[in-house]
2 protein chains.
Amino acid sequence: MTERADAARNRVAVLAAAEALFQREDLDHVSLARIAEAAGVGKATVMRRFGDLLGLVDALIAPRVAALQNRVRSGEPPLGPGGDAGARLHAYLDALFDFVVENRTLIRALEHYGPYAYYANPASQFWIDELTHRIHAARPAVDAPYLAYVVFTALRADVMDYLRVHQHMDTERLRAGVHALAAPPGPQPDLHR
Amino acid sequence: MTERADAARNRVAVLAAAEALFQREDLDHVSLARIAEAAGVGKATVMRRFGDLLGLVDALIAPRVAALQNRVRSGEPPLGPGGDAGARLHAYLDALFDFVVENRTLIRALEHYGPYAYYANPASQFWIDELTHRIHAARPAVDAPYLAYVVFTALRADVMDYLRVHQHMDTERLRAGVHALAAPPGPQPDLHR
DNA sequence: TAAAATACGGTCCACTGGTCCACTTATGTA
DNA sequence: TACATAAGTGGACCAGTGGACCGTATTTTA
């Protein structure tokens with residue numbers, strides 16, 4: 001069964017309105033009702049199609065997630081498969097970092113939704129799993145799953161926004177901090193011989 | 001002007017009721033109205049005295065914060081003043097870790113309140129400043145302010161709860177992870193000679 | 001063109017944090 | 001002991017939220 005024409009029209013209108021509102025308005029002034037109003041549809045229409053605000057944000061961010069996942073799964077090394085473990089880790093951190101910076105308003109909406117909404121999101125689980133693998137490959141001596149969660153938490157959009165806006169740390173300082181966190185410079189303890 | 005007897009009675013009742021509710025109920029089922037009802041007072045009574053929910057949580061946690069701050073400022077080394085920089089850092093991490101574990105329901109309420117409520121809290125600022133100093137003393141080569149924020153973020157009660165409950169990491173594993181984060185084992189890069 | 005399937009959205013609900021203000025109560029003074 | 005007054009109280013109310021319902025309108029299919 002194909003999607004009805006009016007449904008498709010409304011879907012596009014709602015997504016566009018939501019995107020615009022999230023960019024323009026302060027996060028907690030964005031509500032179902034405002035999005036519906038901006039899109040020129042009823043609240044129930046938004047709800048039925050996307051379930052809730054979380055689903056709407058998911059739908060907005062999904063294509064960008066997919067694009068990055070493609071680059072990670074089958075792009076050029078070192079972000080794609082192949083290459084030195086250390087380089088693969090750093091390339092991945094850069095890609096994640098840029099992704100968060102570029103999509104920070106949507107990611108903050110995600111984080112805002114519930115206490116675990118950010119981590120439980122399927123995309124986040126992918127990022128974290130991949131991060132775990134790459135940390136483990138580059139630094140076999142550390143507790144990679146835990147460190148992956150910590151690094152991912154340091155990449156939260158709300159955390160980064162706070163550090164940038166209220167602690168006046170510039171973006172590149174944060175980026176350097178994330179890299180240092182995941183793979184400190186200097187000699188690694190060589191526990192394997 | 002001294003506090004009126006009924007006001008004092010209500011203050012105690014509200015604090016006790018709030019404490020009990022936060023322990024017993026799921027966080028987002030705790031509301032002003034429920035607290036007021038449980039304390040047997042009106043909502044406005046709660047609001048006037050504590051300003052808002054944040055103020056109430058602050059009042060609950062303040063004495064415990066003060067107790068730990070005393071130990072940090074004037075207790076026995078290495079948590080108190082004096083001792084080896086590395087030992088001071090690790091003692092402080094342990095104390096903070098235990099503090100979060102013991103008060104996790106209240107801390108989660110704090111974090112829940114607003115995006116920056118956790119970090120903006122005066123107590124948090126103290127913890128972070130102290131953490132910054134101790135990291136800097138133990139590891140002069142790293143970006144101590146940034147690392148302090150990251151470590152403090154890793155100590156968020158919601159993050160730790162998520163890792164414990166949904167990722168099945170036990171408490172001691174988290175503790176070890178935090179220590180490794182702030183001061184990785186093995187040779188430190190010696191950039192100072 | 002008619003029937004059936006699908007989508008729509010106005011309206012209602014329970015609930016939130018927060019404010020208002022007429023009323024009660026404790027307190028210090030005379 | 002009487003009483004004026006400052007302080008404290010709490011039920012009613014506000015605008016806002018996410019969500020559910022269901023009669024109506026529109027599109028698709030036969």
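Order of the sequence lines sets the chain letters (A, B, ...), proteins ahead of strands, with each chain counted from 1.
A donor-acceptor contact closer than 3.5 angstrom is absent between the side chains of A:Tyr149 and A:Thr132. Side-chain atoms of B:Gln167 and B:Tyr162 include a donor-acceptor pair closer than 3.5 Å.
Atom P of nucleotide C:dA14 and atom NE2 of B:His29 are separated by 16 Å, given to the nearest angstrom. For the pair B:Glu25 CD and C:dC15 C1', the interatomic distance rounds to 15 Å; values are reported in whole Å. Across the protein-nucleic acid pair, A:Arg49 atom CZ and D:dG19 atom P stand 17 Å apart, rounded to whole Å. If you take NE2 of A:His112 and P of D:dT17, they are 11 Å apart, rounded to a whole angstrom. Between the P atom of D:dG18 and the CG atom of A:Asp28 lies a distance of 11 Å, rounded to the nearest Å. Following rounding to the nearest Å, B:Met47 (CE) and C:dC21 (C1') show an atom-to-atom distance of 15 Å. The interatomic distance linking A:Asp26 (CG) with D:dT17 (C1') rounds to 16 Å, in whole Å. Regarding B:Glu37, its CD atom lies at a distance of 11 Å from the P atom of C:dC15, rounded to whole Å.
With distances taken from any side-chain atom of A:Asp52 to the nucleotides C:dG18, D:dG18, D:dG19, the minimum falls on D:dG19. In this structure, of C:dA7, D:dG18, C:dG17, it is C:dG17 that holds the atom nearest to the side chain of B:Ser31. Across D:dT9, D:dT28, C:dG18, the shortest atom-to-atom separation from the side chain of B:Tyr113 is found for C:dG18.
Where B:Leu32 and A:Asp6 meet DNA chain C, the nucleotide closest to each residue was compared, and A:Asp6 sits on the side nearer the 5' end. Toward the 5′ end of DNA chain C lies the nearest nucleotide of A:Ala8, the other residue of the pair B:Ala33 and A:Ala8 mapping further downstream.
Within 4.0 Å (heavy atoms only), A:Arg11 reaches no atom of the nucleic acid at all.
Using a 4.5 Å cut-off on side-chain heavy atoms (C-beta onward), B:Arg108 and B:Phe22 make no contact.
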Between the protein and nucleotides 1-4 of chain D, are there any N/O to N/O pairs under 3.5 Å, and if so, what are the atom names and distances?
none

Pairwise N/O distances under 3.5 Å, protein to nucleotides 9-12 of chain C:
unit_1, atom_1, unit_2, atom_2, d
C:dG9, OP2, A:Gly42, N, 3.2
C:dG9, OP2, A:Thr45, OG1, 3.0
C:dG9, N7, A:Arg48, NH2, 3.4

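In this structure, A:Tyr116 and B:His166 have perpendicular ring planes: the angle between them is above 60°, well past the 30° mark.
At a threshold of 4.5 Å between side-chain heavy atoms, the hydrophobic network of Ile, Leu, Val, Met, Phe, Trp and Tyr places B:Val12 and B:Val41 in two separate groups.
Among residue pairs with one or both ends in residues 48-62 of chain B, those qualifying as salt bridge (charged side-chain N to carboxylate O under 4.0 Å, His left out) are B:Glu3-B:Arg49; sequence neighbours excluded.
With respect to B:Phe152, the ring-ring contact (aromatic ring centres under 6.0 Å, His included) criterion is satisfied by exactly one of B:Phe97, B:Tyr118, B:Trp127: B:Tyr118.
In this structure, B:Arg104 does not pair ionically with B:Asp158, as no charged nitrogen and carboxylate oxygen lie closer than 4.0 Å.
Taking a 6.0 Å sphere around CD of A:Glu37, one finds it holds 12 or fewer heavy atoms contributed by other residues, nucleotides or ligands.
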